[in-house]
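One structure is given below, encoded as structure tokens.
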2 protein chains.
Amino acid sequence: MDTITTELRDDILSGQFAPGDRLLEIQLAEQYNCGRAAVRSALVALTTEGLVEREENRGATVRRISITEAIQITQARSVLESLIAAQAAREATNEDHAELRVIIEQMRTAVGNDEGNDYSKLNALLHRRLREMSGHEIAAELVANLRNRAAHHQYRLAVMPGRSADSLEQHAAIVDAVVAGDEAAAARAMTTHLESVIEVLHRWGDANVR
Amino acid sequence: MDTITTELRDDILSGQFAPGDRLLEIQLAEQYNCGRAAVRSALVALTTEGLVEREENRGATVRRISITEAIQITQARSVLESLIAAQAAREATNEDHAELRVIIEQMRTAVGNDEGNDYSKLNALLHRRLREMSGHEIAAELVANLRNRAAHHQYRLAVMPGRSADSLEQHAAIVDAVVAGDEAAAARAMTTHLESVIEVLHRWGDANVR
DNA sequence: GTCTACAGGATTGTTAACATTCTGCCGTTC
DNA sequence: GAACGGCAGAATGTTAACAATCCTGTAGAC
């Protein structure tokens, strides 16, 4: 299997390799205890996923995502996740509803305890479960990829003061709509949530023009 | 460069390799006059693009897309291309407007002469130009990929009786909105268009349950 | 002092051979 | 006659060596 691809992807997403870092084939082959061919394969795959950049005869680096690109990624996520939310509102079972409510409760306590890290994980979990519940494999796959691409910028959001409180309410609204089985409301709530993320990215971008 | 990847992709999209066909590394290496490694690289890339399926120790085949998957693909396209249409309505220049109108005129004559093949090409051209005008690289990339994935099913639509006439009007509505600079109307027109495509796919799928 | 030419090292790209795995066929056995 | 086992062929997976390319640092010319 190309387990190497997932290992390398995870290491990039976890920040083990930072944007701009060179990805040397020999070094990676040694690190993951495999041949250069396997590394090469992984680099090609992650390149078409948009996580890695490769230049002819010059090797691979971890792709750098600009703020404007992060905004575009989030816009694409916005429309796709709204589609997912609508489908989830239609498809989710009673057990799903219960699970979603539990996640919201856990998020609430995480915000109360100011546990940014926990909140981030719950955030990702909630979105992932909604994707799974929607049964929309295509949209789910695309969104998962988009989230990976912008992972670094997402991280910035989490540590923004007062951000989690807003975010929590937005997520609660999404879950309420899904539990109520209201497709349109679920889509609207998701759009609202991600437009607020875009808003924050925009403000951060404007504050950092150089 | 991995020119092999684009060559193989084009050959799959043009139907040179049909869904389900085996893609043997040695044979492809001979056909494209390159080594197995280059073929391997292309197969990995096209696998993550969703065009090829690879199984451990069993080789690669051209991915088969079911009707339900084609519908999901078109749903995802629908929301993404609506986003693109809105951006295009905001960004397009006067020259862009003129070009779009020319394309619509050419489509009109193609429909009049019953030139299904020409119409298909113009259709693809119109959508591609809108993507480019929007300046939304992320959405453009995703849509291009989604179009490739469902290419085979798109072909079926083109030869459907009476379909081009409807399609032409829908495209004209999109262009009108873009030329008018009306973002919301452009998005709506694009959604309408692709929902009609989904409708056709649905009907075709229902007629072919086995 | 700056610029150019060139050599050396480092890294990617390519090729070929070998190892492993799967598949289909054939013969044996019950 | 059906089932099991093994063998041969084909295809993929892996490794290692070689070739081509790019970067860096140094020496020499002006």
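We name chains A, B, ... by the order of the sequence lines, and we start the count at 1 in each one.
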Exercise for review: Indicate yes or no for a side-chain donor-acceptor contact from A:Ser14 to the backbone of A:Asp10 under 3.5 Å, with no hydrogens or angles considered.
Suggested key: yes

Check your understanding: How is A:Leu43 classified with respect to the nucleic acid when contacts are heavy atoms under 4.0 Å: base, sugar-phosphate, or nothing?
Key -> nothing

Review point. Over how many whole Å does the gap from A:Ile4 atom CD1 to D:dG13 atom P extend?
Key: 14 Å

Practice item. For B:Arg22 and for A:Ala37, find the nucleotide of DNA chain D with the closest heavy atom, then tell me which residue's nucleotide is more 5'. Key: B:Arg22

**Study point:** Spacing of A:Arg40 atom CZ relative to C:dT12 atom P, expressed in whole Å
**Key:** 8 Å

Check your understanding: Side chain of A:Arg101, backbone of A:Val175: donor and acceptor closer than 3.5 Å?
Key -> no

Check your understanding: Rounded to the Å, how far apart are B:Arg36 CZ and D:dT15 P?
Key -> 14 Å

Review point. For the pair made of CD1 in B:Ile26 and P in C:dA16, what is the distance, rounded to whole Å?
Key: 13 Å

Review point. What is the distance, rounded to the nearest whole Å, between atom CG of A:Asp2 and atom P of D:dT12?
Key: 16 Å

Under 3.5 Å donor-acceptor pairs involving side-chain atoms of residues 86-98 of chain B, not counting sequence neighbours:
unit_1  : atom_1 : unit_2   : atom_2 : d
B:Arg90 : NE     : B:Glu183 : OE2    : 3.0
B:Arg90 : NH2    : B:Glu183 : OE1    : 3.3
B:Thr93 : OG1    : B:Glu95  : N      : 3.4
B:Thr93 : OG1    : B:Asp96  : N      : 3.2
B:Thr93 : OG1    : B:Asp96  : OD2    : 3.2
B:Asp96 : OD2    : B:Thr93  : N      : 3.0

Point to revise | Nearest-angstrom distance from the residue atom CD of A:Glu56 to P of D:dC23 | key: 12 Å

Study note, to complete from the structure: For A:Arg22, the salt bridge (charged side-chain N to carboxylate O under 4.0 Å, His left out) test, sequence neighbours excluded, returns none

Practice item. Classify the side chain of B:Arg58 versus the base of D:dG13 as yes if they form a donor-acceptor pair under 3.5 Å and no if they do not. Key: no

Review point. Rounded to the nearest Å, what distance is computed from the CG atom of residue B:Asn57 to the C1' atom of nucleotide D:dA11?
Key: 9 Å

Revision key, fill the gap. Taken to the nearest whole Å, CD/A:Glu30 to P/C:dT11 is 12 Å

